[in-house]
There are 2 protein chains.
Amino acid sequence: MAKRVTDKPPPPERRSPCPVACALDVFGDRWTLLVIRDLVLGKTRFKDFAASPEGIPTNVLSERLSRLLEHKIVSQVSASEGSKHLAYRLTEKGRALLPIVGAMRDWSLAWEKGTLAQLGEAAATN
Amino acid sequence: MAKRVTDKPPPPERRSPCPVACALDVFGDRWTLLVIRDLVLGKTRFKDFAASPEGIPTNVLSERLSRLLEHKIVSQVSASEGSKHLAYRLTEKGRALLPIVGAMRDWSLAWEKGTLAQLGEAAATN
DNA sequence: TAAAATTACTTGTTTAATGCAAGTGAATAT
DNA sequence: ATATTCACTTGCATTAAACAAGTAATTTTA
């Protein structure tokens, strides 16, 4: 029988075709969205992510960056002119996560005491 | 010295005062937001959550429901008139998670192939 | 330019979380 | 009264996370 679109199964690493479940398969853990947050706030280097107050272990950071590269949510570029050090940047797909991070920020500020809005994250409001 | 607002530290289970980090402390795992999704879609019973296609283990479901109750994101009510079985409902705080779930849904539908919008989730669009 | 420091990791080990199968007692249905 | 469903709990195997060190390749400093 010929393939039909409706026959297309979800990739094996995906728990269901539900878009919410898919999103959680990609970034549903305690660390990935914090790296995204840092990128939104303008951080670009491994050391910058590692220096964030939550204290992500470097092995976890390394693994998460690999996953984000795989999913084309971030890309690598040279840190500066002629440098061999790398910088990470959000791709368009990565920037499309901004409404999610913004909605999470808004929810916590509205409902969880002791959370504080950071300066420089005005972009997350839209 | 008298207490000042700026002296108030985040609760010990919170990694930082960042609202994004706080949100992840509350529901930053592979399962919690799927339960929220089910609640948004109108499911109310333990067995309904357990029957979702992603196949949440019952011990995990049990633990997650406890946490959601603790955080006052869901509440328990009688499943039906005079019944001793329980139903779960989103509180106002829980319904405030809708924009997050909706943004995740929109992102996956836009960027991840093979995801499918479900009927009955029109409410998540706003 | 040689030495010191930084960067971006990796490796090994401990600890916690997740996943799975099975079991249980109360509630409901037959 | 018996069977079935419901909402869990328990025990165990597997996987992931956390923590501490170490390392090779850069970059900075003396």
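Order of the sequence lines fixes the chain letters, A, B, ..., with proteins taken first and strands second; residue numbering starts at 1 for each chain. Every value quoted in this text rests on a predicted model; they were computed, and no experiment measured them.
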Taking the six-membered ring where the residue is Trp, are the ring centres of A/Trp31 and A/Phe49 under 6.0 Å apart? no

Check whether any side-chain heavy atom of B/Arg30 sits under 4.5 Å from a side-chain heavy atom of B/Val60, and report yes or no. no

Compare every heavy atom of B/Val20 with every heavy atom of A/Met104, then report the nearest pair and how far apart it is. CE-O, 4.1 Å

Could you give the CZ-to-C1' distance, from A/Phe49 to C/dT7, as a whole number of Å? 13 Å

Whole angstrom value for the distance that separates C1' of C/dA27 from CZ of B/Phe46: 15 Å

First encountered from the 5' end of DNA chain C, between B/Arg64 and B/Thr58: B/Arg64

Hey, which sits more toward the 5' end of DNA chain D by its nearest nucleotide, B/Ser66 or A/Gly55? B/Ser66

Quick one about A/Asn59 and A/Ser62 (side-chain donor to acceptor, distance below 3.5 Å, no hydrogens or angles considered), yes or no? no

Just the rounded figure in Å: distance from P of C/dA8 to CG of A/Leu65. 10 Å

Answer with base, sugar-phosphate or nothing: what part of the nucleic acid does A/Tyr88 contact at a heavy-atom distance below 4.0 Å? sugar-phosphate

Would you mind checking if A/Glu54 and A/Arg37 are paired as a salt bridge, meaning a charged N to carboxylate O distance below 4.0 Å? yes

Nucleotides bounding contact with chain B, strand DNA chain D, heavy-atom threshold 4.0 Å: D/dC6 to D/dG11

Please give, in whole Å, the distance from C/dT7 P to A/Lys43 NZ? 13 Å

Is there a side-chain contact between A/Tyr88 and A/Leu39 (heavy atoms, below 4.5 Å)? yes

Take atom CD1 of A/Ile56 and atom P of C/dT7, then tell me their distance rounded to the nearest Å. 17 Å

Which nucleotide, C/dG19, C/dT28, C/dG12, lies nearest any side-chain atom of B/Ser83? C/dT28

Would you mind reading off the distance between A/Lys84 atom NZ and C/dC9 atom P, rounded to a whole angstrom? 16 Å

Under 4.0 Å between a side-chain N/O of B/Arg30 and OP1 or OP2 of C/dG19, yes or no? yes

Counting any heavy atom closer than 4.0 Å, what does B/Leu86 reach on the DNA or RNA strands: base, sugar-phosphate only, or nothing? sugar-phosphate

Please state whether the base of C/dT10 and the side chain of A/Ser62 form at least one donor-acceptor pair under 3.5 Å? no

Round to a whole Å and report the spacing from CG of B/Asn59 to C1' of C/dG23. 13 Å

What are the two closest heavy atoms between B/Thr91 and B/Val74, and how far apart are they? CG2-C, 3.7 Å

Rounded off to whole Å, could you give me the CD-to-P distance for the A/Gln76 and C/dT7 pair? 17 Å

